[in-house]
Amino acid sequence: MHEKTVLKNGVRIVHEHMQHVRTVSVGIWVGVGSRFEKRSQNGAAHFIEHMLFKGTQSRTAAELAAEMDSIGGQINAFTTREATCFYARVLDTHVDSAIELLSDMLFNSKFDTVDVDNERGVICEEIDMYDDTPDDMVAERMISRSFPNCAGTPYPWH
């Protein structure tokens, strides 16, 4: 059974303790996805998701990855129409490290010009992969026709 706590600043913490499990999944959910973007902003949430992995004021991108690897954890993110989530999976003994790393990425990312320019190419590659997946294209077209007044589509040309 899960429990929910709301802090004074509005942050919600939801957790579920599973007594016989030694791993922890920690996620930071930001209530911003493609649905909330104006047409001129389409893709911004997804782009920012990518940029948070490019380094912080105290860690390079390689150091972020190496630090998570050194504790045997995984870190990743995804963006949907409704939200963007940054998450980590680690052994329970490393939960503090996972939270610190995610927090550093969320609050101290650098957004260097070189990284911004490089990441545009990465996003374009993802778009090409998406366009090569017929079931994704059909679903996207169905949603955009079902909700024509919703600006938020993953990619602006749909």
Side-chain angles (χ1 to χ4, degrees), residues 1-37 41-133 135-137 139-140 152-156:
M1 176 140 162
H2 73 276
E3 292 182 37
K4 178 180 173 181
T5 304
V6 180
L7 303 179
K8 289 180 184 179
N9 63 2
V11 170
R12 296 174 303 257
I13 299 172
V14 179
H15 75 278
E16 179 178 11
H17 182 250
M18 301 167 107
Q19 199 165 6
H20 302 290
V21 178
R22 292 278 327 270
T23 58
V24 175
S25 294
V26 178
I28 299 175
W29 291 75
V30 182
V32 179
S34 62
R35 179 173 90 99
F36 303 100
E37 297 170 345
Q41 299 170 325
N42 274 17
H46 184 217
F47 190 77
I48 291 169
E49 169 211 316
H50 277 239
M51 290 304 300
L52 267 58
F53 287 85
K54 297 299 174 190
T56 69
Q57 301 303 320
S58 60
R59 295 174 173 101
T60 65
E63 289 169 338
L64 290 169
E67 191 167 332
M68 187 55 70
D69 287 347
S70 74
I71 59 174
Q74 298 174 323
I75 193 165
N76 209 338
F78 60 87
T79 300
T80 68
R81 284 180 173 75
E82 304 294 326
T84 304
C85 176
F86 303 88
Y87 64 93
R89 294 184 192 121
V90 294
L91 285 174
D92 58 359
T93 55
H94 299 296
V95 68
D96 290 344
S97 296
I99 291 170
E100 198 282 321
L101 193 69
L102 285 169
S103 298
D104 189 30
M105 291 169 59
L106 204 63
F107 297 111
N108 301 310
S109 287
K110 292 195 304 189
F111 290 82
D112 283 341
T113 303
V114 171
D115 292 329
V116 169
D117 292 340
N118 288 338
E119 203 57 31
R120 283 189 180 109
V122 172
I123 297 285
C124 287
E125 288 175 20
E126 281 190 6
I127 291 167
D128 289 342
M129 288 186 336
Y130 176 87
D131 285 344
D132 288 339
T133 311
D135 53 327
D136 287 343
M137 292 297 294
E140 181 57 41
T153 58
Y155 305 108

**Message:** For a side chain to side chain contact (heavy atoms under 4.5 Å, CB included) check, start with the C-alpha distance between H2 and H17, then their side-chain angles and the critical distance, and finish with the verdict.
**Reply:** CA-CA 7 Å; H2 73 276; H17 182 250; over 6 Å; no

**Prompt:** So, D112 and K54, do they make that salt bridge, N to O below 4.0 Å?
**Reply:** no

**Asked** For residues E49 and T84, is any side-chain donor paired with an opposing acceptor at under 3.5 Å?
**Response** no

**Prompt:** How long is the gap from CG on L52 to CZ on F107, to the nearest 0.5 Å?
**Reply:** 10.0 Å

**Contact summary for Y87 and A77, nearest pair of heavy atoms** = CE2-N, 3.9 Å

**Asked** Do the side chains of N118 and V114 get nearer than 4.5 Å, heavy atoms only?
**Response** yes

**Request:** Indicate the atoms forming the closest heavy-atom contact of V30 with F86, along with that distance.
**Result:** CG2-CE1, 4.3 Å

**Asked** Taking atom CG of D104 and atom OG1 of T56, what is their separation to the nearest 0.5 Å?
**Response** 3.5 Å

**Request:** Nearest 0.5 Å please: distance from the CE atom of M105 over to the CZ atom of R59.
**Result:** 10.0 Å

**Request:** Measure the CZ-CG distance between R35 and N42 for me, rounded to the nearest 0.5 Å.
**Result:** 13.5 Å

**Request:** Sort and list the pairs that fulfil salt bridge (charged side-chain N to carboxylate O under 4.0 Å, His left out) and have at least one residue in residues 3-22, not counting sequence neighbours.
**Result:** R22-D92

**Asked** Would you say the side chain of M51 lies within less than 4.5 Å of the side chain of V116, judging by non-hydrogen atoms?
**Response** yes

**Request:** Could you tell me which non-hydrogen atom of V32 sits nearest to which non-hydrogen atom of F36, and how far apart they are?
**Result:** CA-CD1, 4.0 Å

**Asked** Would you say the side-chain atoms of E37 pair up with the backbone N or O of A45, donor to acceptor, closer than 3.5 Å?
**Response** yes

**Where F53 and L64 come nearest, the two heavy atoms and their spacing** = O-CD1, 3.9 Å

**Message:** Measuring only between side-chain heavy atoms, which start at C-beta, is N76 closer than 4.5 Å to R89?
**Reply:** no

**Prompt:** Does T80 use its side chain to pair, donor to acceptor, with the backbone of E82 at less than 3.5 Å?
**Reply:** yes

**Request:** Decide side chain to side chain contact (heavy atoms under 4.5 Å, CB included) for I99 and V95; before the verdict, give the C-alpha distance in whole Å, the side-chain angles of both, and the deciding distance to 0.1 Å.
**Result:** CA-CA 6 Å; I99 291 170; V95 68; 4.0 Å; yes

**Item:** Check: Q74 and M68 side chains under 4.5 Å, non-hydrogen atoms
**Value:** no

**Asked** Is V6 close to V11 at the side-chain level, that is, under 4.5 Å between some pair of heavy atoms?
**Response** no

**Fill in**
Of all heavy-atom pairs linking S58 and E63, the shortest is O-OE1, 3.8 Å

**Request:** Measure the CH2-CZ distance between W29 and F78 for me, rounded to the nearest 0.5 Å.
**Result:** 3.5 Å

**Asked** In Å and rounded to the nearest 0.5 Å, what is the CG to CG distance from D96 to L101?
**Response** 12.5 Å

**Item:** Intermediate values then yes/no, side chain to side chain contact (heavy atoms under 4.5 Å, CB included), L91 and T23
**Value:** CA-CA 4 Å; L91 285 174; T23 58; 4.2 Å; yes

**Fill in**
Nearest heavy-atom approach of R120 to F47 is N-CE1, 3.9 Å

